[in-house]
Amino acid sequence: MDFQFTEEQLLLRKTVRDFAEKEILPATGDMERGMFPREILGKMATLGLMGITIPETYGGAGLDFTAYVIAVHEISKASATIGVILSVHSSVGTAPILYFGSEAQKQKYLPKLASGEYLGAFCLTEAEAGSDAKNLKTKAVKQGGHYVLNGSKMFITNGGEADTYIVFARTEDGNITAFIIEKTMPGFRTGKDEKKMGLHGSKTVQLHFENLQVPAENRLGEEGEGFKIAMAVLDAGRIGIAAQALGIAEGAYELALQYAKNRRQFGKPIHAFEGTGFKLADMATNIEASKLLVYRSAFLRSNGLGCKKEAAMAKLLASQTAVDTAIEAVQIFGGYGYTKDYPVERFMRDAKITQIYEGTSEIQRIVISNQLLREKRL
Amino acid sequence: MDFRLSEEHEMIRKMVRDFAVKEVAPTAAERDENERFDRSIFDRMAALGLPGIPWPEQYGGIGSDFLAYCIAVEELSRVCASTGVTLSAHTSLASWPLFKFGTEEQKQKYLVPLARGEKIGAYGLTEPGSGSDAGAMVTTARREGDHYVLNGSKIFITNGGVADIYIVFALTDPKSKHHGTSAFIIEKDFPGFSTGKKEKKMGIRASTTTEIIFDNVMVPAENRLGEEGQGFKIAMMTLDGGRNGIAAQAVGIAQGALDAAAAYAKERKQFGKPIAANQGVSFKLADMATAVEAARLLTYQAAWLESNGLPYGKESAMSKLFAGDTAMKVTTEAVQIFGGYGYTKDYPVERFMRDAKITQIYEGTQEIQRLVISRMLTRD
C-alpha cells in the first residue's frame, strides 16, 4: 500500500489548484448569474485539462484516471459548475469514443474534444427513463447509410453548448444503440433550459431530435451494445461525480474552518466551542473517508482493475458527505452563511445534485448490494 | 498511491483469518457467556508470532509493521472482539511504549518476552477520578533511594489480572500534574501489587477488565520508563497509535456483523423471497458495506503512516472515530436484519452489537477524538 500522491500528482494538483484560485474563483459570481464559462474552459484546454486521459496520439495529455480525478476534485473546491462541465465532457462525453469508438471515429472526434475545440455531452435520460434507463423511447430507424433519430432527452448537462453528444436510442430490434451526434446535424434542437437549485452557469437542457439524420459511421459500437456502453461509462462517470462531491465538501469545509477561526463570540473564536469544533472534526473525518474511497476507485480504474462496487461506494459516501458538510458549513457561518455575501450557501445548493445525477444514491445502493450479495463469503 | 495490500500483508491476513476461524470462533460465544479469558488462545497466537508483529526480530518480534498488526486485530475481532482487544492492548499499549521509550536493558528484559507472547502486557492510566481527564490522576510514585514507592489504584485495565507486565503512570511530582507524571514498568509479582474488582461488562466479556492496586509497591528505579516528568507525553503518544488498534478492532467487529447479516439476508425468506430482495434490507447492507470500506481505508492509512514514520495522530483519531461509529451502526443494523433471531444468543450479532459499544468509549471516547481532531485542524 501507499497512501501518498506521487510527485507528478502533487504537481498536477498544485497546477489545477493555482488555476482554480486565479481563474475560476473570480468568475463564480458571473456563473451564479448564469454565465456559461466558455472563456475558462478555453484556458483549461490550454492547460490540457479537457483531454487529461486521452492518449497523446489523439491530442490528449495521456495521463491516467487518477490525474483526471485530481483535476475534478480541485476544480470543484472552487466551482462545482466547472467541475461538472469537465466531468461530463470527459467521463461520459469523450471516454465512450475512446473505449468503444472505431479508429476513424477516434481520429475524427478525440483530437477536437481533447483540445477543447469541442465540448462533449451524454444523452441517456428521458422524461420516463431516469434511473430506469432501459425504458428509453428515443427511436433510431436505419435508412440506407443513415439512422433517423426521433425523440427527446432530459437533463442534459452541457446541452446546447456541447458540440458532440453520445446519444442512446432504440433501434428497430428494440435494443439500445449508441450514436455520436453533432449539434450541427439538421433535426437537432435544444429545448427547455432548466432553472436549477444549483450548478448555476452550467447548462441542463432538454434536447429534441426531429428526423435527425445520423450517418451510419457515427454509430458507436454495434447495434444493441448501447446499454452496455452506457453502464460501462457511468461506472467511470460516477467516480468523476464522486470527485466533484469531494471537492464541494472540501470547499465548504475550508470556508467553515477559516470562519470558525476568525469569528469571535463570547470572547473567543467559535471553533473553541465544542459545538463548533466537533462539527469541524466530523466534517474533516467524513471528507477523509470519502477521499480514500474516491482515490481508491480512481486507482483501481487507472490500473484496469474492477471497481464497480468501489465506484458506487465512493459516490454514495462522497455525495452524502458533500450534502452534510455543506449544510453544517452554512450552520457554522450562521446568518451570514444564509446570505449571498458568502459562498457557502452556493456549496449547499450545488452539493444536492451529487446525490441525484449519474445514478441516484438509491441506484448506488442497488449496485453495491447486488455486488455484495453476489460475493462469496466465509 | 497504491491501494493494494502487499503479498506479505495478504499472507498475514490469510494466516490470522484461518487461525481466527479455526481456533477462536468456535468458543467465542461460550467465552462471552462465561466471561472466560482463555490463555491457551493467546499461547497459540504466540506460536504464530502475533504478539510481536511490528517489532524487529532482535526484540522477539516478527519484523513486520503496524499495518500487519492492524490486519491481525481486525481479523481476530471479526470473530471475537475480546481476542482482538487482548492483542491490541498487549501490543499498542504495553509493548509500544517499551519499544519507543525503553532502554536497551528494558527492551531485552520486557519487550522480548512480550513480543514472543511468553508474557502478556497491560497499561494502567485510567483512575476513578481520571478518565478523559488523564491529567487528574492521583496515584503517586515517591522516590526512596534506588526505588520508587507506588500508591494508588487504576481502573478499567484491559488484560488486568492476566497480564504479567504493566505500564503504569503515576505522579512523581504531584504539584506539577501533567509535567509531574512518570511511567513505570511493573511486574505482577512485585510485592504490594494486586488485582482488585473484576468488572462485569456488557461486551468484550472474554477479555479481562480489572482494577489494579498499588500498596507501597517498590519499583526499582531502573524500571522507570523514560525520564521523570515524561509520563504524560508517553501516555498520550501511546494512545495515538493505540486508538488505531481499536479502529482495527471496530472494523473487524463491523465486518463480522456485515458478513453475518448479508448471509442471513440471502437465506431468510419472507413473502416468498429472500429478504435481501427488499430494498429496505439491501440498502441497509449497501450502507453498512460502504461505511466498513471507508473505516478500513482510514485505519489502514493511519497504520501505513505510522509504519512509514510519518505523522499519524490526526489520522488515527479519525480512524477510531469513524470506525467506532461504523461498528456501532453496522452491528445495530445487523441485529435488525436478523429480527427476533438477532436478539437471541443463538446468533452472534447481538454479541457484536454489545462488543461494538466499547469502541466508542475506550482509548479515548469519541468526544476526545473530536477534541483531538478539532485542535489539530484549528492549530495554525
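As the structure is a prediction and not an experimental result, all values here were calculated from the model. Labels below follow one simple rule: chain letters A, B, ... track the order of the sequence lines, proteins then strands, and each chain is numbered from 1.
Inter-residue side-chain proximity for B:Asp2 and A:Asn303 is flagged as unmet; no heavy-atom pair is nearer than 4.5 Å. You'll find the side chain of B:Leu377 reaches within 4.5 Å of the side chain of A:Tyr253, heavy atoms only. Residues A:Leu293 and B:Thr290 are in side-chain contact: their nearest non-hydrogen atoms beyond the backbone lie under 4.5 Å apart. Between B:Gln301 and A:Glu288, some side-chain heavy-atom pair lies under the 4.5 Å cut-off. The shortest side-chain heavy-atom distance between B:Met1 and A:Asp2 does not fall under the 4.5 Å cut-off.
Note: B:Leu297 CG to A:Glu310 CD = 9.5 Å, rounded to the nearest 0.5 Å. Atom CD of A:Gln364 and atom CG of B:Asp287 lie 11.5 Å apart (nearest 0.5 Å). Annotation: the span from B:Leu258 atom CG to A:Leu372 atom CG amounts to 5.5 Å, rounded to 0.5 Å. Note that CZ of B:Arg4 and CG of A:Leu300 are 8.5 Å apart. Values are rounded to the nearest 0.5 Å. Rounding to the nearest 0.5 Å gives a distance of 10.5 Å between CZ of A:Arg374 and NZ of B:Lys266. Considering CD1 of B:Ile373 and OG1 of A:Thr285, their distance stands at 3.5 Å, rounded to 0.5 Å.
Looking at A:Leu316, only its side chain comes within 4.5 Å of chain B, counting heavy atoms on both sides. With a 4.5 angstrom heavy-atom cutoff, A:Leu257 touches chain B only via side-chain atoms. With a threshold of 4.5 angstrom between heavy atoms, A:Glu274 approaches chain B through side-chain atoms but not through N, CA, C or O.
Interface with chain B: from residues 5-17 of chain A, residues A:Phe5, A:Thr6, A:Gln9 qualify, criterion being any non-hydrogen pair under 4.5 Å. For residues 314-331 of chain B, the interface with chain A (any heavy-atom pair closer than 4.5 Å) comprises B:Met318, B:Leu321, B:Phe322, sorted by residue number. Scanning residues 362-372 of chain B against chain A with a 4.5 Å heavy-atom cutoff picks out B:Glu367, B:Arg370, B:Leu371, ordered by number.
Shown here is A:Arg263, whose CZ atom has more than 12 heavy atoms of other residues, nucleotides or ligands within 6.0 Å.
With chain A as partner, the option from B:Ser6, B:Ser307, B:Ala289 having the largest number of non-hydrogen pairs under 4.5 angstrom is B:Ala289. Ranking A:Ser302, A:Ala289, A:Ala298 against chain B, the residue ahead of the rest is A:Ala289, based on heavy-atom pairs under 4.5 Å.
The two atoms that bring A:Ser369 and B:Ser282 nearest to each other are CB-O, 3.3 Å, heavy atoms only. Of all the heavy atoms in B:Ser374 and A:Gly277, the pair that sits closest is CB-O, 3.1 Å. Minimum interatomic distance between A:Arg365 and B:Ala286 (heavy atoms only, all atoms of both residues): O-CB, 3.5 Å. Minimum interatomic distance between B:Thr378 and A:Leu280 (heavy atoms only, all atoms of both residues): CG2-CD1, 4.3 Å. Closest approach of B:Ala262 to A:Leu373, counting heavy atoms only: O-CD2, 3.9 Å.
Within the structure, every pair that satisfies the ring-ring contact (aromatic ring centres under 6.0 Å, His included) test and touches residues 264-318 of chain B, not counting sequence neighbours, is listed here: A:Phe3-B:Trp304, B:Tyr264-B:Phe338.
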